Trainee: 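Before I ask anything, let me first share the structure, which is written out below as structure tokens.
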Amino acid sequence: MKKSFSQKHLLGIKDLSRDDIELVFETADNFKTVINRPIKKVPSLRDVTVANIFFENSTRTKISFELAQKRLSADVVNFSASASSVSKGETLIDTVKNILSMKVDMVVMRHPSPGACVFLSKHIDASIINAGDGTNEHPTQALLDAYSIREKLGSVKGKKVAIIGDIMHSRVALSNIYCLQKLGAEVMVCGPTTLIPKHIGTLGVKVESDLIKALNWCDVANMLRIQLERQDIKYFPSLREYSMLYGLNKERLDSLKKDIVVMHPGPINRGVEITSDVADSIHSIILDQVENGVAIRMAVMFLLAGRN
Amino acid sequence: MSSKIILEKQQFSITIDRLCYELIERHDNFSNSALIGLQPRGTYFSQRVFKRLVEITSNKNILYGELDIAFYRDDFRRTQDDQIIPSKLDINFTVENKRIVLIDDVLFTGRTIRAALDALTDFGRPAKVELMVLIDRRFGRDLPIQPDYTGIAVDTRANDKVKVEWKENSKQDLALIVTN
């Protein structure tokens, strides 16, 4: 049977099938070759215009998407809410409809409200890629995380992945759980009980509050950032105490009987969830994740644009 | 629906042998040449040619690669057929200043070769590019592209289909014209 991508939009990993994810990975393999040769560009999307609409700050995701678009030869317009008419009271639908009336084919959106992309997809015709919606999902991050694990360890199936830190406020955690489970990995979440959602066990993940136990269990540790900007109340006494109990340092890494792979979606708060000597060590694949991010995003946009 | 056989059985190996000798005639010891098969379907043919060429010349240093053209196709977002999905790409040498032989199974409109030329030049600037095809469907060209090495040339109507089966992906080596 011929392969094809099942979705018109990429709203969340939740909607994807295992075949969709594998197809993104296979396509990303080709794009990884493309971005590592002298001419890093292909002409596929030369008749496609993409709008990057960011209602929240971003460094990596925004640059990564923009590079991916330019390497696919798409035309790109960038929009960030702080410098726009959103501050004059324009609604989300009005903003996007106005942008689309300028003949835009694809929208990449980051928004602080969970479900913003789903809402938008019901009102407009263009393909929408979710670049993070509040605490809900961040699908391209999960895809690049799983792709990096596949690249480093050969496959994702059967691997044990611990997601450690602020699970409650993390869209990366939720998307990663969906993605890794669809690919056959075992997932554990670990963090202070105040930062672990009460019913997360219903997703079929293990829950652990002891960092050392989690590290001893896993093949891969994905360290998340404490999202202070989303925390309206105090969830733990101090960053110092959090770092003592849940920070990954060289001493803890060396005390394990095996080598584990260390990941971080960025931005890193060095010295809080991870120390510099771990972040910059051979165990860390943090910069590989960033490189793979461009290939994964090229693959996603190529597949969405090429649907019939 | 009727079908007519163009090539079968040992005609395949006879044709491939002849094409190999034509290559040797023009490329001498292949010191500055490389063969590149086109994914997805041309690689069955290109692998055969490469294998046979190595047997005939006993030259283990002949360069061989496989090129995928999915990102360069001119019908992306325009075709009603199946979604365009890339295949594996494998070129472990520089094409800069090399004499490249592109190898595909069937030449019809020439659009695949146009895309392949674009894809190839994104890897560097070859000294020369030649084209080898197993089957040349004459009179069907949309673009000014002609083969340098031809297995067999056939005359077909636009609605006909030319199918090539290989032992590697099917039961037998067989090339046929299917008329609706």
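In what follows, chains are A, B, ... by sequence order, proteins preceding strands, each numbered from 1. Only this structure's heavy atoms are used, side chains among them; waters, hydrogens and symmetry mates stay out. As the structure is a prediction and not an experimental result, all values here were calculated from the model.
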Trainee: I need the residue from B/Ile91, B/Leu89, B/Ile85 with the largest number of non-hydrogen atom pairs under 4.5 Å to chain A.
Mentor: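 Highest number of pairs under 4.5 Å: B/Ile85.
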Trainee: Scan residues 74-93 of chain B for pairs that pass ring pair (Phe, Tyr, Trp, His ring centres under 6.0 Å), counting only residues two or more places apart or in two chains.
Mentor: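 Applying ring pair (Phe, Tyr, Trp, His ring centres under 6.0 Å) to every pair that reaches into residues 74-93 of chain B, excluding sequence neighbours, yields A/Phe302-B/Phe76.
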Trainee: Going by the rule side chain to side chain contact (heavy atoms under 4.5 Å, CB included), which residues pair with A/Lys159 if we only count those two or more places apart in sequence or in a different chain?
Mentor: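 A/Lys159 satisfies side chain to side chain contact (heavy atoms under 4.5 Å, CB included) with A/Leu153, A/Ser155, A/Asp219 once adjacent residues are dropped.
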Trainee: Given a strict heavy-atom distance threshold of 4.5 Å, which part of A/Pro43 is in contact with chain B: side chain, backbone, both, or neither?
Mentor: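 For A/Pro43, the contact with chain B is made by backbone and side chain together.
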Trainee: Quick one: side chain to side chain contact (heavy atoms under 4.5 Å, CB included) partners of A/Asp133, sequence neighbours excluded?
Mentor: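 For A/Asp133, the residues satisfying side chain to side chain contact (heavy atoms under 4.5 Å, CB included) (neighbours in sequence not counted) are A/Asn130, A/Asn136, A/Glu137.
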Trainee: Between chain A and chain B, which N and O donor-acceptor pairs fall under 3.5 Å? A table would be great.
Mentor:
{"from": "A/Phe5", "atom 1": "N", "to": "B/Gln83", "atom 2": "OE1", "distance (Å)": "2.8"}
{"from": "A/Asn30", "atom 1": "ND2", "to": "B/Ser87", "atom 2": "O", "distance (Å)": "2.6"}
{"from": "A/Arg37", "atom 1": "NH2", "to": "B/Tyr72", "atom 2": "OH", "distance (Å)": "2.6"}
{"from": "A/Ser44", "atom 1": "N", "to": "B/Phe71", "atom 2": "O", "distance (Å)": "3.4"}
{"from": "A/Ser44", "atom 1": "OG", "to": "B/Phe71", "atom 2": "O", "distance (Å)": "2.9"}
{"from": "A/Asp47", "atom 1": "OD2", "to": "B/Arg78", "atom 2": "NH1", "distance (Å)": "3.3"}
{"from": "A/Asp47", "atom 1": "OD2", "to": "B/Arg78", "atom 2": "NH2", "distance (Å)": "2.9"}
{"from": "A/Leu303", "atom 1": "O", "to": "B/Gln83", "atom 2": "NE2", "distance (Å)": "2.7"}
{"from": "A/Ala305", "atom 1": "O", "to": "B/Arg77", "atom 2": "NH1", "distance (Å)": "3.1"}
{"from": "A/Asn308", "atom 1": "ND2", "to": "B/Asp81", "atom 2": "O", "distance (Å)": "2.4"}

Trainee: What part of A/Leu303 gets closer than 4.5 Å to chain B, counting heavy atoms only: side chain, backbone, both or neither?
Mentor: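 Both parts, backbone and side chain.
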